[in-house]
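Bear in mind the structure is a predicted one, so any value in this text is a computation, not a measurement. Counting starts at 1 for both ligands and their atoms, in listed order. Values below: all heavy atoms of this structure, side chains included; hydrogens, waters and symmetry mates excluded.
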Amino acid sequence: MVVKIYRSARSLTKKVFETKKRGKTIGLVPTMGFLHEGHMSLIRRARKDTDCVIVSIFVNPAQFGPKEDFKKYPRDFKMDFSLCEKENADIVFAPKAEEIYPENYVTYVNVEKITDTLCGASRPGHFRGVATVVAKLFNITMPDIAYFGQKDAQQAIVIKRMAEDLNMSVRIKVMPIVREKDGLAMSSRNVYLNLKERMQAQSISKSLKLAKELFDSGERNSGKIINKMKKVIDKQSEAKIDYMKIVDTKNLKDIQKISGKTLIAAAIWVGKTRLIDNIILN
Ligand code: PAF
């Protein structure tokens with residue numbers, strides 16, 4: 001199948017209108033490119049569920065802080081495009097920054113409260129950038145279903161909240177984390193890690209695995225679980241904890257005693273690379 005590339009929002013929306021008129025459903029997989037197995041699982045799911053699969057590839061400047069890795073974020077459009085071909089996507093939407101944020105652009109989407117904690121606390125403005133670009137992608141592509149990865153747990157919760165609060169008629173599907181053999185959650189940023197860092201990066205998933213084991217053996221005290229998780233990271237010379245939290249999956253508030261659906265989320269620095277991971281306890 002031939003994958004069509006769109007650079008212009010207006011012409012993609014025109015195409016979407018035509019597709020919908022023919023009674024076809026649209027699946028959107030928003031990405032920042034440098035696709036890996038995690039993204040592939042979203043595209044495959046969209047291919048199963050919907051008639052027309054759109055993969056957006058856009059490194060969104062609005063979600064990076066001034067000292068963050070926007071410039072060095074890995075990019076490989078050729079590789080991304082051939083992976084989209086392999087997975088039978090219909091459309092790749094790869095706009096230039098000026099297409100999404102033209103001169104005089106001043107409108108942003110701000111999801112409050114649930115963006116003040118976890119990654120939102122460490123990366124001020126990040127979720128404002130994410131919510132804005134995702135809202136724009138929803139308006140441009142009018143998807144029936146949009147697909148996101150569980151690895152960015154807070155992002156998925158923020159986008160669901162935004163869609164509900166703003167009456168967006170899109171279903172959000174969140175797909176499980178895809179991991180490397182040693183447990184490291186797949187991420188485009190994993191390429192930043194050197195060999196030693198790559199070994200130490202395993203500690204984040206190991207700490208979450210330990211948390212699950214503690215929970216399964218009856219531990220419900222968040223403080224005790226977090227202390228033990230922290231010890232796993234502290235053993236690594238190159239790793240530093242950004243946050244480790246046990247929170248309610250709806251409001252992202254800290255939980256002292258675990259009961260009901262709970263998110264354990266962690267972010268660590270390994271050298272200059274920030275990694276995130278999480279598990280849900282039911
Ligand atoms: O998860 C990502 O890759 C990005 O945050 C997203 C959802 C594509 C928005 O830029």
Should the pair F138 and F148 be assigned to parallel (<30°), tilted (30 to 60°) or perpendicular (>60°) ring geometry? perpendicular

Judged by heavy atoms only, the candidate from K151, H39, Q63, H126 nearest atom 4 (C) of ligand 1 is Q63

Spatial distance of atom CD1 (I276) from atom SG (C119) [nearest 0.5 Å]: 4.5 Å

Could you tell me whether T31 approaches ligand 1 through its side chain, its backbone, both or neither, with non-hydrogen atoms closer than 4.0 Å? backbone

With only distance considered, is Q155 within less than 3.5 Å of ligand 1 through an N or O on each side? yes

Partners of R10 by side chain to side chain contact (heavy atoms under 4.5 Å, CB included), sequence neighbours excluded? S8

Output every pair passing salt bridge (charged side-chain N to carboxylate O under 4.0 Å, His left out) with a member in residues 71-88, not counting sequence neighbours, ordered by first then second residue. R44-E87

So which heavy atom in the protein is nearest atom 3 (O) of ligand 1, and how far is it from that ligand atom? M32 CG, 3.6 Å

Numbering the atoms of ligand 1 from 1, which are under 4.0 Å from a heavy atom of P30? 8 (C)

Those atoms of ligand 1 less than 4.0 Å from some heavy atom in V133: 9 (C), 10 (O)

Do I91 and L12 touch side chain to side chain, with heavy atoms closer than 4.5 Å? yes

